[in-house]
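Both counts, for ligands and for their atoms, begin at 1 and track the order of listing.
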Amino acid sequence: MSNLTFGIIKPDAVRAGNHGKIIAKVLANGFKIRGMKLIHQSLKDAEGFYAVHAERPFFGELTEFMSSGPCVVLALEKENAVPAWRELMGATNPAEAAEGTLRKEFATSIGENAVHGSDSDENAAIEIAYFFSKLELV
Ligand code: CMP
């Protein structure tokens, strides 16, 4: 199990001004921030990032939303980082997210669900490399 994962504070959460609160919770839950920046993805950037979902019916909606405004990308360190970050995020659908999770507090729908997290160590490494250069990781 790796100690690194990748996260995004999505455009809905940044638009609502919740990125500061989310970063505070990231730190309060024992994650170290190894990389962080505010970016505004183009549609092509989002399509590249979510290429594994290209065949899904919601791909257009997802990539348009992810390129609709600024988001915060994060490289996070903690023991068992991938499951630890997924636990803090909560279920993809906020209606199913547990009390105390980020999606319970900040997400509004399955599409606009405030945060993203890698689903495996392998994808965490790919996703960190998609957004961060070596110089941007401390
Ligand atoms: P994320 O963890 O960023 O990875 C894929 C995203 O697709 C997921 O979060 C959801 O926000 C989004 N997604 C999943 N199912 C749907 C759906 N039915 N409609 C719109 N977006 C979805």
Revision key, fill the gap. Honestly, for M66 the part within reach of ligand 1 (heavy atoms, under 4.0 Å) is neither
Review point. How long is the gap from CZ on F65 to CG on L43, to the nearest 0.5 Å?
Key: 13.5 Å
Check your understanding: Going by the ring pair (Phe, Tyr, Trp, His ring centres under 6.0 Å) test, which pairs reach into residues 6-27, not counting sequence neighbours?
Key -> F6-F49, F6-F131
Check your understanding: How far apart are the closest heavy atoms of L4 and S2, and which atoms are they?
Key -> N-OG, 3.0 Å
**Study point:** Contact partition for R56 relative to ligand 1, non-hydrogen atoms under 4.0 Å
**Key:** neither
Practice item. Compute the minimum heavy-atom distance from Y50 to ligand 1 and say whether it is under 4.0 Å. Key: yes
Review point. Does any N/O atom on I110 come nearer than 3.5 Å to any N/O atom on ligand 1?
Key: yes
Point to revise | N/O separation below 3.5 Å, T92 to ligand 1 | key: no
Practice item. Give the contacting part of E112 toward ligand 1: side chain, backbone, both or neither, where contact means a heavy-atom distance below 4.0 Å. Key: neither
Study note, to complete from the structure: Short version for N113: what comes under 4.0 Å of ligand 1, heavy atoms counted, is side chain
Review point. Is there a heavy atom of R103 sitting under 4.0 angstrom from any atom of ligand 1?
Key: yes
**Study point:** Spacing of NZ belonging to K10 relative to NE2 belonging to H116, to within rounding of 0.5 Å
**Key:** 7.5 Å
Check your understanding: Considering all heavy atoms of both residues, which atom of H40 and which atom of S67 are nearest to each other, and what is their separation?
Key -> NE2-O, 3.0 Å
Exercise for review: Please indicate whether any nitrogen or oxygen in H116 is less than 3.5 Å from any nitrogen or oxygen in ligand 1.
Suggested key: yes
**Study point:** Donor-acceptor pair, side chain of W85 and main chain of F31, under 3.5 angstrom
**Key:** no
Review point. For ligand 1, which atoms sit closer than 4.0 Å to a heavy atom of K10?
Key: 1 (P), 3 (O), 9 (O), 11 (O)
Exercise for review: Answer yes or no: is there a donor N or O on one side and an acceptor on the other, between the side chain of R103 and the main chain of A114, under 3.5 Å?
Suggested key: no
